[in-house]
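For reference, the structure is listed below as structure tokens.
Note that these values count all heavy atoms, side chains included, but never hydrogens, waters or copies made by symmetry.
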Amino acid sequence: MNISEAGGTAPVKVEERLFQNRYMVDAGRPHIRIRPHETPSKALLAMTRLCPAGCYSVNDRGQVEAVVDGCVECGTCRVVTAQTGELEWNYPRGGFGVLFKFG
């Protein structure tokens with residue numbers, strides 16, 4: 001029996017739900033900063049795979065960079081890199097950051 005036969009609806013993909021959220025970018029004041037590093041730790045490299053919003057990437061010099069404009073403020077990076085001290089993480093100023101749309 002498929003979903004339509006059961007009278008239900010198809011599940012919505014995470015990407016589709018995230019697309020409905022809106023972001024107020026605080027230009028020039030990112031709430032996450034990566035401290036300068038020569039070689040990123042395993043924890044920081046893991047963020048290129050673990051971040052649900054895809055904010056982290058490795059540049060051509062092998063260093064991890066973050067573009068936090070689409071951050072959902074879940075705190076995964078804060079927890080994963082807590083022991084390394086490679087991140088400065090703060091909540092965005094009031095009125096900025098993710099604006100979740102429910103429903």
Side-chain angles (χ1 to χ4, degrees):
M1 177 183 301
N2 64 34
I3 292 173
S4 60
E5 291 173 351
T9 59
V12 179
K13 293 182 179 182
V14 172
E15 294 82 7
E16 292 172 7
R17 289 197 182 258
L18 288 174
F19 181 73
Q20 293 187 19
N21 296 331
R22 296 294 171 248
Y23 305 90
M24 295 298 295
V25 177
D26 195 359
R29 294 186 66 168
H31 68 284
I32 299 172
R33 295 175 195 250
I34 299 176
R35 293 190 172 113
H37 58 279
E38 291 294 321
T39 305
S41 68
K42 289 182 182 180
L44 190 56
L45 282 170
M47 289 314 307
T48 62
R49 299 180 313 278
L50 296 175
C51 178
C55 295
Y56 295 85
S57 63
V58 177
N59 65 22
D60 57 353
R61 296 183 319 271
Q63 296 179 327
V64 175
E65 296 178 327
V67 177
V68 298
D69 295 351
C71 177
V72 295
E73 301 167 28
C74 66
T76 300
C77 58
R78 186 178 185 180
V79 172
V80 170
T81 63
Q83 298 297 315
T84 68
E86 291 170 291
L87 289 184
E88 293 177 32
W89 196 101
N90 296 291
Y91 286 103
R93 293 187 306 157
F96 293 96
V98 66
L99 305 170
F100 291 106
K101 180 177 179 182
F102 298 101

I'd like to check the side chain to side chain contact (heavy atoms under 4.5 Å, CB included) partners of [X]; sequence neighbours left out, ordered by chain and number.
X	result
N90	none
L45	P40, V58, V64
R35	E88

Beyond-backbone contact of M47 with T76, side-chain heavy atoms, under 4.5 angstrom: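 Yes; the side chains approach each other to less than 4.5 Å.
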Selection residues 36-49 - residue pairs positive for side chain to side chain donor-acceptor pair (under 3.5 Å), sequence neighbours left out: S41-E86
Pairs where residues 51-61 contributes a residue and the test side chain to side chain donor-acceptor pair (under 3.5 Å) is met, not counting sequence neighbours: N59-E65, R61-Q63
Full working for side chain to side chain contact (heavy atoms under 4.5 Å, CB included) between I34 and L44: CA-CA 9 Å; I34 299 176; L44 190 56; 3.9 Å; yes
OG1-CG distance between T81 and L87, expressed to the nearest 0.5 angstrom: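 Taking OG1 in T81 and CG in L87, the distance rounds to 3.5 Å.
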Closest non-hydrogen atom pair between E73 and Y91, with its separation: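 The answer is OE1-CD2, 4.4 Å.
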Common cluster, L50/V68, ILVMFWY with side-chain heavy-atom separation under 4.5 Å: yes
Residue of the set P52, C55, P92 for which side-chain contact (heavy atoms from CB on, under 4.5 Å) holds with C71: C55
